[in-house]
Amino acid sequence: MSDRAALLRGIRAWLVFFVVCLVLSGATAFPLVHELRWTEELLRSLSAGDRLPALMEWIERVRAGLDEADAEYPFLLYGTDWLAFAHLVIAVAFYGPYRDPVRNVWVVELGMIACAGIVPLALICGPIRGIPFWWTVIDMSFGVFGVIPLYVVRRRIKRLEALTGGWAGGAAGTGDGGGKTVIPAASAPSP
């Protein structure tokens, strides 16, 4: 297998992993009320309140807030529906780097910037919204752990770019140019 093919396969595997995590993260924002009820029941069955009382108190408080919002102000939960939708839309954007990594490296870089932005957002908005600091740390971890696969992908894309002279291949990464005539950057005529 060529270096190019191995790089493409590695890039795509990391991108699939990242997209699956992004979709799961988004999809879990739809059924928040039910998830919190199930989480509270599970933690009670495991006697988590005895070992982690702060966690249990927080889960109970959040569940009570969601129950009240769901019963009295269900339109507030519409915001989390949009949050979930945004995760799904962002996941679709990563088809670009999957298809043509070199040309669409900007999507990966945008994802890295978004991951970095999670940290200040959590540090600023968490205290404003009364989120316990330990939960803010959990929220920040999404950015910290999310940037890892994107960093790996970006490094591999840059290696692929160097290997291919700036072009990684067509729609399926087969090198056919996706039906287009491709002039490698080194031999392109000047205007």
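Just so you know, these numbers use all the heavy atoms, side chains as well, and skip hydrogens, waters and symmetry mates.
Salt bridge annotation for Glu161-Lys158: present, with a cationic side-chain nitrogen under 4.0 angstrom from a carboxylate oxygen. Salt bridge annotation for Arg37-Asp67: present, with a cationic side-chain nitrogen under 4.0 angstrom from a carboxylate oxygen. Salt-bridge formation is detected for the pair Glu40/Arg44: a Lys NZ or Arg NE/NH1/NH2 atom is positioned less than 4.0 Å from an Asp or Glu carboxylate oxygen.
Under the 4.5 Å side-chain criterion, counting only non-hydrogen atoms from C-beta, Tyr73 is not in contact with Leu77.
Here the shortest heavy-atom pairing between Leu150 and Cys115 reads CD1-SG, 4.2 Å. Pairing each heavy atom of Val102 with each of Ile157, the nearest pair is CA-CG2, 3.9 Å. When every heavy atom of Phe94 is checked against every heavy atom of Val108, the shortest pair comes out as CE2-CA, 4.1 Å. The shortest non-hydrogen separation linking Ser25 to His87 is OG-NE2, 3.5 Å. In plain terms, the two heavy atoms of Leu8 and Pro101 that are nearest each other are CD2-CG, 3.6 Å. Closest approach of Val107 and Ala93 over heavy atoms only: CG1-O, 3.6 Å.
The distance from atom CZ of Arg4 to atom OG1 of Thr164, rounded to the nearest 0.5 Å, is 6.5 Å. Rounding to the nearest 0.5 Å gives a distance of 9.0 Å between CG of Asp100 and CG of Leu160. Taking CG of Leu76 as the reference point, atom CD of Glu68 lies at 10.0 Å (rounded to 0.5 Å).
Every residue two or more places apart in sequence or in another chain that forms a ring pair (Phe, Tyr, Trp, His ring centres under 6.0 Å) with Phe85 is listed here: Trp82.
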key: Intermediate values then yes/no, side-chain contact (heavy atoms from CB on, under 4.5 Å), Asp81 and Phe30   = CA-CA 5 Å; Asp81 296 338; Phe30 284 116; 3.7 Å; yes

ask   = When you look at Arg154 and Tyr151, which way does the side-chain contact (heavy atoms from CB on, under 4.5 Å) test go after all the steps?
value = CA-CA 5 Å; Arg154 186 181 182 284; Tyr151 177 75; 5.7 Å; no

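By the 30° and 60° cut-offs, the orientation of the rings of Trp14 relative to Phe17 is perpendicular.
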Could you go through residues 126-149 and list every donor-acceptor pair under 3.5 Å that involves a side-chain atom there, pairing it with any protein atom two or more places apart or in another chain?
unit_1, atom_1, unit_2, atom_2, d
Thr136, OG1, Pro132, O, 3.3
Ser141, OG, Ile138, O, 2.5

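Counting non-hydrogen atoms of neighbouring residues, nucleotides and ligands closer than 6.0 angstrom, the CZ atom of Phe75 exceeds 12 such neighbours.
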